[in-house]
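I have placed the structure first, in the form of structure tokens, so that the comments after it can refer back to it.
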Amino acid sequence: MTTSTKTRSRALVAAMATAVLLAGCSAGSGTSSEDPTTGGTDTDGATGTGGTAGGPSDETVRVGLVAEPASLDFTTTDGAAIPQLLLDNVYETLVTVDAASGEIVGALAQDWEVSEDRLTYTFTLEDGVTFSDGSEFTAEDAKFSLEQVSSDAWTISLAAQLDIVESVEAPDDSTVVVTLSEPSNSFLYALTTRVGAMFDTEGTDDLANTPVGTGPYTFVSWDRGSMIELARNEDYHGEAPYFGTVEMHYFRDANALNNAMLTDAIDVVGTVQAPESLAEFEGGDYSIVEGTTNGEIVLSMNQQEGMPLADLALRQAVRHAIDHQALMDTCWAGRGTLIGSMVPPTDPWYEDRTGDYPYDPDQARTLIEEAGAEGTELRLRIPTLPYAVSCGTVVESMLEEVGLQVTIDELEFPSAWLETVFTNKDFDMSIVAHVEPRDLGNVFGNPDYYTTYGTDELRTLLDEADAGTEEEQVAKMQEAAALISEDAAADFLFLLPNLMVADPDITGLPENAIKESFPLADLARG
């Protein structure tokens with residue numbers, strides 16, 4: 001990179017890293033204490049960057065989760081569970097976010113340069129990288145992968161992040177040149193997410209069932225409804241991961257997940273789904289990790305013409321009717337962070353917007369009366385995920401207290417929720433955690449997205465934020481977050497904490513889950 005550009009981009013990410021540490025400290029106390037020099041911990045070995053703990057082992061690590069992927073193809077299927085499993089583990093990207101420093105660093109690209117006009121990015125690829133099918137990773141594969149995102153092959157909305165790409169060239173096997181149509185602050189960061197995944201030009205025939213990547217693990221098998229198995233990639237170009245096999249076990253019920261940990265059926269609870277039950281794991285037999293995430297739990301409101309919540313006053317009433325602290329205390333044991341917007345504290349443009357719509361049931365009733373909406377029936381259609389089910393009943397109670405009628409429909413996740421709410425927009429309200437990093441524009445910048453917002457004013461702010469200086473980006477993104485909040489485009493219940501439980505000798509668990517992936521190669525047994 002040129003010196004000036006490199007300094008600017010690292011300054012931005014360093015600001016994010018600082019916010020990460022602060023959020024991790026304020027999110028709550030687990031069994032470990034933070035090392036201020038690294039952002040990791042040094043008491044239990046519960047967090048940090050992992051390591052091989054004496055070299056690769058034949059051992060298997062068993063990780064318990066709740067949300068199972070609907071497919072293994074994140075180019076055509078939405079949902080966070082797919083990149084959580086595959087990104088950084090099976091698929092790699094040109095650049096990635098370093099978990100310890102927060103900086104954007106090289107992954108499959110060993111270096112990159114940015115032109116003075118910020119339009120041309122030249123990546124130099126690592127040598128000796130192969131795909132799991134044995135073929136060599138070259139610049140042609142990188143060119144193919146990036147061009148596919150802008151083609152009909154990618155159908156998920158997140159693909160729009162690379163609309164800024166004008167051309168991709170591969171002048172030789174180890175060089176990739178990407179030209180943008182205009183300067184973009186978000187482009188390099190986008191390459192750290194699923195849209196930056198590198199594919200084999202000959203390995204995309206069956207992405208839903210047979211992923212082919214360059215990562216430290218390879219896909220082995222999928223027992224649907226139960227378990228996905230990965231195995232160490234013995235030809236991996238980097239440091240070999242400690243565990244020879246990883247089993248990702250999926251549970252529909254939070255209690256079943258906890259019981260699996262308590263009965264030694266798994267080694268790690270990847271996401272605690274019943275925070276009130278953490279007491280079961282206290283006392284020294286387990287390591288407990290508590291930090292923060294990107295997971296804003298959004299109460300979305302369908303604003304399409306003819307729908308009840310197309311009325312701004314009614315949306316404002318909904319926001320005033322919800323006591324967010326009481327809700328978080330009730331449905332998530334008080335663990336999490338109240339943010340009031342679509343921006344977590346780990347983003348450089350975070351502002352506390354919890355004061356925009358303070359809990360005021362009398363004001364909610366007044367707004368409902370002004371809108372002539374007394375007794376309005378609202379369909380709250382939620383996924384069968386523990387946080388949504390727990391919080392849904394609290395939202396129902398609070399809205400009915402101010403004179404609205406709420407009907408809860410629990411939809412099987414992911415299939416039924418994706419079809420009914422996400423695709424068909426057949427709902428009035430829903431509750432789902434958006435865990436993708438820096439996703440304000442993706443979630444609210446498109447009127448065709450299920451959140452049904454995407455106003456011209458917001459899209460202008462997002463464009464100006466992306467093309468401006470880093471200082472302008474922060475200011476414009478703050479304006480965008482304020483606009484979304486003030487327009488009551490949705491309500492933001494709280495930010496999910498990162499809560500994990502593990503055997504006490506498991507190392508490498510991330511304190512803050514601020515990436516799309518769960519980096520399994522960081523795990524080891526100390």
Side-chain angles (χ1 to χ4, degrees), residues 69 71-78 82-83 85-96 104-115 119-181 184 186-219 233 235-238 516-517:
S71 161
L72 298 181
D73 181 8
F74 53 59
T75 72
T76 60
T77 307
D78 281 287
I82 315 175
L85 168 75
L86 297 180
L87 197 62
D88 295 333
N89 298 318
V90 172
Y91 296 114
E92 294 181 296
T93 50
L94 294 179
V95 292
T96 190
I104 295 180
V105 297
L108 289 176
Q110 59 179 280
D111 196 7
W112 66 95
E113 294 182 355
V114 184
S115 63
L119 293 178
T120 304
Y121 290 70
T122 303
F123 298 92
T124 302
L125 305 184
E126 292 282 358
D127 295 325
V129 178
T130 59
F131 287 99
S132 57
D133 63 3
S135 61
E136 183 181 3
F137 169 66
T138 70
E140 283 297 330
D141 296 300
K143 180 177 185 294
F144 165 79
S145 300
L146 295 176
E147 289 179 337
Q148 285 288 96
V149 180
S150 300
S151 74
D152 293 339
W154 279 71
T155 60
I156 66 168
S157 58
L158 291 175
Q161 293 180 97
L162 294 195
D163 285 352
I164 197 76
V165 174
E166 187 171 272
S167 66
V168 185
E169 302 298 333
D172 57 57
D173 283 350
S174 60
T175 306
V176 180
V177 181
V178 181
T179 302
L180 308 183
S181 57
S184 171
S186 62
F187 167 68
L188 198 63
Y189 195 89
L191 292 188
T192 71
T193 71
R194 72 188 84 172
V195 299
M198 294 291 104
F199 295 93
D200 184 350
T201 55
E202 303 299 324
T204 58
D205 292 341
D206 188 20
L207 293 178
N209 301 292
T210 313
V212 176
T214 63
Y217 285 98
T218 62
F219 172 76
N233 180 357
D235 296 319
Y236 182 54
H237 60 94
E516 286 193 296
S517 63

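Note that the coordinates shown come from a computational prediction; the quantities given were computed from them, not determined experimentally.
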Rounded at 0.5 Å granularity, tell me how far [atom1] in [X] sits from [atom2] in [Y].
X      : Y      : atom1 : atom2 : result
Leu146 : Glu169 : CG    : CD    : 11.5 Å
Ser184 : Gln161 : OG    : CD    : 9.5 Å
Leu162 : Gln148 : CG    : CD    : 12.0 Å
Ile82  : Ile156 : CD1   : CD1   : 8.0 Å
Ser115 : Leu180 : OG    : CG    : 8.0 Å
Glu113 : Thr175 : CD    : OG1   : 10.0 Å

| request: State yes or no: are the ring centers of Phe199 and Tyr91 separated by less than 6.0 Å? | output: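 Phe199 vs Tyr91: aromatic centres under 6.0 Å.
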Looking at side-chain heavy atoms only, is the closest gap between [X] and [Y] below 4.5 Å?
X      : Y      : result
Thr193 : Pro83  : no
Tyr121 : Leu191 : no
Leu72  : Leu207 : no

Heavy-atom pair with the smallest gap, counting every atom of [X] and [Y]:
X      : Y      : value
His237 : Leu108 : NE2-CD2, 3.6 Å
Val178 : Val165 : CG1-CG1, 4.0 Å
Ile104 : Val95  : CG2-CB, 3.9 Å
Ala107 : Glu126 : O-CG, 3.5 Å
Val149 : Trp154 : CA-CD1, 3.3 Å
Asn233 : Gly215 : ND2-O, 3.0 Å

For [X] and [Y], does a side-chain donor sit closer than 3.5 Å to a side-chain acceptor?
X      : Y      : result
Ser135 : Asp200 : yes
Glu92  : Tyr236 : yes
Asp73  : Ser71  : no

| said: Show, in sequence, the C-alpha distance, side-chain angles and deciding distance for Leu188 and Trp112, and conclude whether the side-chain contact (heavy atoms from CB on, under 4.5 Å) test is met. | reply: CA-CA 10 Å; Leu188 198 63; Trp112 66 95; 3.6 Å; yes
| task | Look at atom CD of Glu166 and say whether more than 12 heavy atoms of other residues, nucleotides or ligands are closer to it than 6.0 Å. | result |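 More than 12 heavy atoms, drawn from other residues, nucleotides or ligands, come within 6.0 Å of this atom.
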| said: Under the criterion side-chain contact (heavy atoms from CB on, under 4.5 Å), I'd like the reasoning laid out for Met198 against Phe137: C-alpha separation, chi angles, the key distance, then a yes or no. | reply: CA-CA 9 Å; Met198 294 291 104; Phe137 169 66; 4.0 Å; yes
